Each structure stands twice: as structure tokens, then as C-alpha cells.
Protein chains: 2
Amino acid sequence: MSKQELGVLEVTGEVIGRDAACCPGLATAPLDDERAAELARVFKALGDPVRLRLLSMIASREGGEVCVCEMTPAFDLSQPTISHHLKLLRQAGLIDCERRGTWVYYWALPGVLDRLAAFLTTTRTAEATQA
Amino acid sequence: MSKQELGVLEVTGEVIGRDAACCPGLATAPLDDERAAELARVFKALGDPVRLRLLSMIASREGGEVCVCEMTPAFDLSQPTISHHLKLLRQAGLIDCERRGTWVYYWALPGVLDRLAAFLTTTRTAEATQA
DNA sequence: GCCTTGTATCGAAAGACGTCAACATAGAGG
DNA sequence: CCTCTATGTTGACGTCTTTCGATACAAGGC
């Protein structure tokens, strides 16, 4: 279950600093079709309040891991719905999970989030630099 | 036309540095319902390849302004569709526009983008700091 | 005034998405 | 093996999205 169909932004797991301008950035160039599609997939995953709350719930956890059994009751939604949202977050490469006994634990993957942040900040940074 | 129904994240226009932790950040705390909804609206606006390309096209423009007549032919979509996407970006507070004569010009509003970036980076920053 | 051009809005159609109840699966513990 | 609890998956339903053609509006030129 650990190895998911990330498929998005090929998550490496390594943390990429805001300086390492690995990727163009929003305001540096007009963004080609392919990269736009990649990024859109991740942003779309973040474009739902439930998923945002789930992700922040996971990312803000001290130990780094959260059991599904803790998340489900925090929402006014059915368990399958939560499961579905978690799956989408996984497919976006934002989180991963592991089953330990009866329970399943989720944790955040910093890779994609960092790239997204870089994409947005590189944006302004590049603009300010070049201007 | 300049004053749009932003409604999202109350765009101030002022640039917020990555340090100015005005807002919680993804990994600092479990994100309340209201803020999640606000943020989700913006991320949803970014969750479409066409809108991402439009936004980057506008944000990366030297002069800062782009005429609709330049954007429409860059896509394989009808003019009403482009117009619709531009409207969504405007409603998300990411861009604004003005009509000058026959043409309408769009420009990027840094405010929301900076907040989003802060939200994502504050995330990792806070995590690294607190850990 | 009346065209012409650029852009927005409307209404409709196809598809994607969020949600649930029902069911399937994975382990734990008898 | 059987049962119980915790999760994931399936299928269905209603709603939101994306897209288009048709139309309306705005401004300039005649």
C-alpha cells in the first residue's frame, strides 16, 4: 500500500529548498501544456476543504503519522468519503500510508508540497529579481 | 470592472514575505473549517491547466498586462471558454482587468499568490523550526 | 445612426466530482 | 475457522464544471 500511483511530479521525497529553482515558476515563463497539467492535478487535490483539512491534520501532527480512526470522526462525513479523499491526496503524491495491524496510518510527503511552494514563490522571487 | 467579487482571502495587494507568518500555514495547526474553505477556493482556481497557463501567461508578462486578444488564440478553446476561465481567476482574486478602448487587459495580483506560497512554505518552515 | 471588432454573458450538453449505502477485504482474537 | 472491528472499494445519485454556440454589450470608425 506504501507505493502508490503517484504519477504526479514524480515525488522524490527529498526536500527541495526555496532556492533550488528546479522548476520554472509561475511568473518566469508561460508554462507549457504538460507542466500545467501536472501542476493542475496537484492544485486540484488541494482544491477541496475536506482534503485541505485532512492534509493539514496530517502535516501538523507531531509524530508525523495520523491514524484514519482519528480523522474520520473529525468530519461530518461518512467513512468511505474520508477514505476517498485520502486516496486522492495519495494519488497527488501529497501523502502516503501504511497499514499496521488493524489500523492505517498516514503521513505527509514534503516533496510535492515543497515544489508547489517553490513554484509559487519562485514566481514572485524571480519577478522581483528580474524587474 | 476593476473591482471584482474577490471575496477570497481579501486581497490587499501588499506583498507578504515568506517570513511574515501572518497565517497559520499548512503544518502548524489543523486548519479550521472556514480557512480551509477559503484556501480551497483559490486552489480550485489553480486546479485547471488552462487557468494555470492563463495565469502564468499573465504573471510572466514583462509589462504586467496582457490583452485578451493575445491569450485567446494561444489555446484550442473557444473565446467564451477563455473568458470564463479568466472570470474564475478574477473571482479567486488572482488577477484583475480593465477595459481600454476595444480591448481588455489583465494583470496579476500578487496578494493571494503570496499568501498561498506562505501557506505552503510556512508549512515546512514551521515544521523544520519546531522540530 | 449603422456596421465591425473585441469581449462578456446565457443556456445547454457532456463530463467530472463529492457523497452515501452496501459490500469487500485485512488483521486480531478467540 | 469464525467473528469483530477498521478501511478500502463499488455503484449510484445529485451537483458542480467545462465547454460550446448563440447572443448581448462596448467602443471605434464610417
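Chain identifiers are assigned alphabetically (A, B, ...) following the order of the sequence lines, protein sequences preceding nucleic acid strands; residue numbering begins at 1 within each chain. Just so it is clear, the structure is predicted and the values come from calculations on it, not from any experiment.
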Short heteroatom pairs, N/O only, protein and nucleotides 24-30 of chain C, under 3.5 Å:
none

Electrostatic pair B:Arg115:B:Glu38 at N-O distance under 4.0 angstrom:
no
Could you state the CZ-P distance from B:Phe75 to D:dT18, rounded to the nearest angstrom?
14 Å
Let me know the distance between CG of B:Asp48 and P of C:dC17, rounded to the nearest Å.
11 Å
Mind calculating the distance between CD (B:Glu70) and C1' (C:dT7) to the nearest angstrom?
15 Å
pair B:Leu86-B:Ile58: side-chain heavy atoms closer than 4.5 Å:
yes
A:Tyr106 side-chain N/O to D:dG8 phosphate OP1/OP2 under 4.0 Å
yes
Could you give the CD-to-P distance, from A:Gln91 to C:dG18, as a whole number of Å?
12 Å
Calculate the interatomic distance between A:Arg41 atom CZ and D:dT17 atom P; express it in whole Å.
20 Å
Contact check, side chains of A:Arg61 and A:Trp107, non-hydrogen atoms, under 4.5 Å:
no
Name every residue in residues 77-86 of chain B that has at least one heavy atom under 4.0 Å from any atom of DNA chain D, in order of residue number, or write none if there are no such residues.
B:Leu77, B:Ser78, B:Pro80, B:Thr81, B:His84, B:His85
As a test of reading the structure: which of C:dT19, C:dA8, D:dT19 is closest to the side chain of B:Val68, going by heavy atoms?
C:dA8
Relative to the ring of B:Phe43, is the ring of A:Phe43 parallel (under 30°), tilted (30 to 60°) or perpendicular (over 60°)?
parallel
According to a hydrophobic-cluster definition based on side-chain heavy atoms being under 4.5 Å apart (Ile, Leu, Val, Met, Phe, Trp, Tyr only), do A:Leu88 and B:Leu46 belong together?
no
Short side-chain to backbone donor-acceptor contact, B:Thr121 and B:Ala117, under 3.5 Å:
yes
Length of the line joining B:Met71:CE and C:dT7:C1', which is rounded to integer Å
11 Å
Atom pair CD1/CZ of A:Ile95 and A:Arg51 - distance to nearest 0.5 Å
10.5 Å
So, do A:Phe119 and B:Leu120 sit near enough that their side-chain heavy atoms are less than 4.5 Å apart?
no
Can you tell me the distance, in whole Å, between the CG atom of B:Asp76 and the C1' atom of D:dT18?
15 Å
In the structure I gave you, are the side-chain heavy atoms of B:Leu77 and B:Thr72 within less than 4.5 Å of one another anywhere?
no
Between C:dT4 (P) and B:Trp103 (CH2): distance, integer Å:
17 Å
Check this one for me: any side-chain N or O of B:Lys87 less than 4.0 Å away from OP1 or OP2 of C:dT7?
no
